[in-house]
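As structure tokens, the structure follows; a few thoughts come after it.
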Amino acid sequence: MATVHEPTVVGVAHFNAAEDAAALRGAMKGFGTDEDAIIEILTSRSNAQRQAISQAFTLEYGRDIIEDLKSELGGHFEDVIVALMLPPAEYLCKELHHCMEGMGTDEKVLVEILCTRTKKEIAEIVEAYERLYNRPLAEHMCSETSGDFRRLLTLIVTGARDEEAGVDQARAAEAAQQLYDAGEAKWGTDEEIFNKILAHESFGQLRAIFEEYKNIAGRTIEQAIKAEIAGELSEALSAIVECVENSAAWFAKRLRSSMQGGGTEDKALIRIIVNRSEIDLAAVKREYESLYDKTLQSDVAGETSGDYRKALIALLGPA
């Protein structure tokens, strides 16, 4: 995956979990809550440091810090803070579970979480999901999706991707030809070939395949997918392609769409900013500005308010 490591949150150097736990306890005790202190501490610590604070809090006060924070905070501000306090894989599992529960499934969330991760990240999510919900992620997902879209996600979740093999140019040319033959070169599309190649090959190998595809077809694989394949499968395959080429740009576009149209998709906004803050959020900000000629900070500030806005802006770092 073409993920550059450019976090906006790196944690603090002289970290003391017990001191932070005491400061947070103080911010929540007594009359009124000191939201600024909560934002200041939790948006500048890394997730590993927040887990240490959580343990220190339980040790010192015999209380669950997430429960305490929930009882003091509300709305989307509470959602951001709780997202920060959960280990990343557990947080993404909660989001996956939520998008599949009840009536209908939010396929966009499945695509965003499952089609953009490395094999190692997927393995962590799969492990955490079964531990949290006592049922395999693949099983739950299969009951909520169908057809080629389900088959693609199942391949991803079962760890079909080969991250070990190096890049093989001859094999790349062969796979590119298979994709061309399965799509543009024939009447109708053989989605199975697209699924197989895009879910099995490493991101480095896929990059080579997409280059070869351009040589064969005279247009990009992305253009071919949009022309040949419809619906959720098209979105899922496009997400893989875009993340192979530039994952920061893909997340920038997803953030933009979460803030466009009637009302803001707050869950997506929070999920991406929190989740990418220790990965590549600085790169996402840069791509956002080059794509839309506006800073991500200014758009987030325009769509949010109060402590919710303060927390997100703190995670985004300097403009």
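Only a predicted model underlies this, so the values are computations on that prediction, with no experimental measurement involved.
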**Request:** Determine the minimum heavy-atom distance between Val274 and Ser277, stating which atoms define it.
**Result:** O-OG, 2.8 Å
**Request:** Report yes if the side chains of Thr154 and Cys142 come closer than 4.5 Å at any heavy-atom pair, otherwise no.
**Result:** yes
**Item:** Atom CG of Asp293 with >12 non-hydrogen neighbours under 6.0 angstrom
**Value:** no
**Asked** Hey, are the side chains of Gln169 and Val167 touching, using non-hydrogen atoms and a 4.5 Å cut-off?
**Response** yes
**Message:** How long is the straight-line distance from OG of Ser54 back to CE of Met85, given to the nearest 0.5 Å?
**Reply:** 4.5 Å
**Prompt:** Arg171 versus Glu201: any side-chain heavy-atom pair under 4.5 Å?
**Reply:** yes
**Message:** Check this for me: does any side-chain nitrogen of one of Asp299 and Arg256 sit under 4.0 Å from a carboxylate oxygen of the other?
**Reply:** yes
**Request:** Give a yes or no on whether the backbone of Leu296 and the side-chain of Glu289 come within a donor-acceptor separation of less than 3.5 Å.
**Result:** no
**Request:** Answer yes when Glu211 and Lys214 have at least one side-chain N-carboxylate O distance shorter than 4.0 Å, and no when they do not.
**Result:** yes
**Asked** Within 45° of the six-membered ring axis of Phe203 and under 6.0 Å from that ring's centre, is NZ or CZ of Arg161 located there?
**Response** yes
**Message:** Taking NZ in Lys186 as the centre, count heavy atoms belonging to other residues, nucleotides or ligands within less than 6.0 Å. Is the count above 12?
**Reply:** yes
**Request:** Could you tell me which non-hydrogen atom of Leu110 sits nearest to which non-hydrogen atom of Cys99, and how far apart they are?
**Result:** CD2-SG, 3.8 Å
**Item:** Closest non-hydrogen atom pair, Ser257 against Glu265
**Value:** O-OE2, 3.9 Å
**Message:** Enumerate the ring pair (Phe, Tyr, Trp, His ring centres under 6.0 Å) contacts for residues 276-313, please, sequence neighbours excluded, ordered by first and then second residue.
**Reply:** His76-Tyr308, Tyr288-Tyr292
**Request:** Taking all non-hydrogen atoms of both residues into account, name the closest pair between Leu281 and Thr8 and its distance.
**Result:** CD2-OG1, 3.5 Å
Which atom pairs, one a donor and one an acceptor, fall under 3.5 Å between side chains of residues 225-236 and the rest of the protein, sequence neighbours left out?
from: Glu228; atom 1: OE1; to: Thr189; atom 2: OG1; distance (Å): 3.0
from: Ser234; atom 1: OG; to: Ile229; atom 2: O; distance (Å): 3.3

**Message:** Tell me if a side-chain donor or acceptor on Gln49 pairs with a main-chain N or O of Ser46 at a distance below 3.5 Å.
**Reply:** yes
**Asked** Are Leu155 and Ile240 connected in the hydrophobic side-chain network, where two residues link if heavy atoms are under 4.5 Å apart?
**Response** no
**Asked** Can you tell me how far the CZ atom of Arg25 sits from the CD1 atom of Ile65, to the nearest 0.5 Å?
**Response** 10.0 Å
**Request:** Taking Asp280 for its side chain and Ala283 for its backbone only, find out whether a donor-acceptor pair lies under 3.5 Å.
**Result:** no
**Request:** Applying ring-ring contact (aromatic ring centres under 6.0 Å, His included), name anything that partners Phe15, two or more places apart in sequence or on another chain.
**Result:** none
**Fill in**
Taken to the nearest 0.5 Å, the spacing of Glu107 CD from Leu153 CG works out to 9.5 Å
**Request:** Could you please spell out the steps behind the side chain to side chain donor-acceptor pair (under 3.5 Å) verdict for Asn47 and Glu278?
**Result:** CA-CA 8 Å; Asn47 192 274; Glu278 286 187 63; 5.0 Å; no
**Request:** Determine yes or no for a side-chain-to-main-chain donor-acceptor pair under 3.5 angstrom, with Lys119 supplying the side chain and Asp162 the backbone.
**Result:** no
**Request:** Keeping to residues at least two apart or across chains, list the salt bridge (charged side-chain N to carboxylate O under 4.0 Å, His left out) pairs with something in residues 124-139.
**Result:** Glu90-Arg131, Lys120-Glu124, Glu127-Arg131, Arg135-Glu139
**Asked** Do Phe210 and Thr220 come close enough that some side-chain heavy atom pair is under 4.5 Å?
**Response** no
**Asked** Looking at side-chain heavy atoms only, is the closest gap between Ile125 and Leu137 below 4.5 Å?
**Response** yes
**Prompt:** Taking Arg50 for the side chain and Leu84 for the main chain, is one N or O donor matched with an acceptor at less than 3.5 Å?
**Reply:** yes
**Asked** Do Lys253 and Glu287 meet the salt-bridge criterion of a basic N to acidic O distance under 4.0 Å?
**Response** no
**Message:** Does any part of the side chain of Thr43, heavy atoms only, come nearer than 4.5 Å to the side chain of Ile38, both counted from C-beta?
**Reply:** no
**Asked** Would Arg117 and Ile156 satisfy side-chain contact (heavy atoms from CB on, under 4.5 Å), going step by step from the backbone distance to the final call?
**Response** CA-CA 9 Å; Arg117 314 275 143 185; Ile156 290 170; over 6 Å; no
**Asked** Does the pair Phe77 and Thr304 meet the rule for a side-chain contact (heavy atoms from CB on, under 4.5 Å), with working shown?
**Response** CA-CA 10 Å; Phe77 176 46; Thr304 57; over 6 Å; no
**Pair Glu35 + Lys310, salt bridge at N-O below 4.0 Å** = no
**Item:** side-chain contact (heavy atoms from CB on, under 4.5 Å) against Thr58, all qualifying residues, sequence neighbours excluded
**Value:** none
**Prompt:** Is Glu67 reaching over with its side chain to a backbone N or O of Asp64, donor-acceptor style, under 3.5 angstrom?
**Reply:** no
**Fill in**
Separation between OG (Ser258) and CZ (Arg271), nearest 0.5 Å, reads 9.0 Å
**Atom CD of Gln260 with >12 non-hydrogen neighbours under 6.0 angstrom** = yes
**Request:** Ignoring hydrogens and angles, tell me if any N or O in the side chain of Arg150 forms a donor-acceptor pair with the backbone of Met141 under 3.5 Å.
**Result:** no
**Item:** Verdict with reasoning, Val300 to Leu255, per side-chain contact (heavy atoms from CB on, under 4.5 Å)
**Value:** CA-CA 9 Å; Val300 168; Leu255 282 168; over 6 Å; no
**Item:** Asn195 (side chain) donor-acceptor with Asp148 (main chain) under 3.5 angstrom
**Value:** yes
**Sequence neighbours excluded, every pair satisfying ring pair (Phe, Tyr, Trp, His ring centres under 6.0 Å) that has a member inside residues 216-255** = none
**Item:** Rounded distance [0.5 Å steps], OG in Ser44 versus CD1 in Ile41
**Value:** 7.5 Å
**Item:** Donor-acceptor under 3.5 Å (His98 side chain, Lys94 main chain)
**Value:** no
**Prompt:** How many angstroms lie between CG in Leu73 and CG in Asp79, if you round to the nearest 0.5 Å?
**Reply:** 10.0 Å
**Distance-minimising heavy-atom pair for Gln297 and Gly317** = NE2-O, 3.0 Å
**Carboxylate-amine/guanidinium proximity below 4.0 Å for Glu78 and Lys70** = no
**Asked** Would you call the rings of Tyr129 and His97 parallel, tilted or perpendicular if under 30° counts as parallel and over 60° as perpendicular?
**Response** tilted
**Asked** side-chain hydrogen bond (donor to acceptor under 3.5 Å, both in side chains) with Tyr213: which of Gln177, Glu222, Glu184?
**Response** Glu184
**Request:** Verify, without hydrogens or angle tests, whether Arg45 (side chain) and Gly11 (backbone) share a donor-acceptor contact under 3.5 angstrom.
**Result:** no
**Asked** Looking at Tyr61 and Ala21, what are the two nearest heavy atoms and their distance?
**Response** CE1-O, 4.0 Å
**Prompt:** On the ring face of Phe57, is Arg63 found with NZ or CZ under 6.0 Å from the centre and within 45° of the axis?
**Reply:** no
**Message:** If we count only N and O atoms by modelled type, under 3.5 Å, do the side chains of Ser202 and Gln205 hold a donor and an acceptor together?
**Reply:** no
**Asked** Are any of the side-chain heavy atoms of Ile279 and Pro7 separated by less than 4.5 Å?
**Response** no
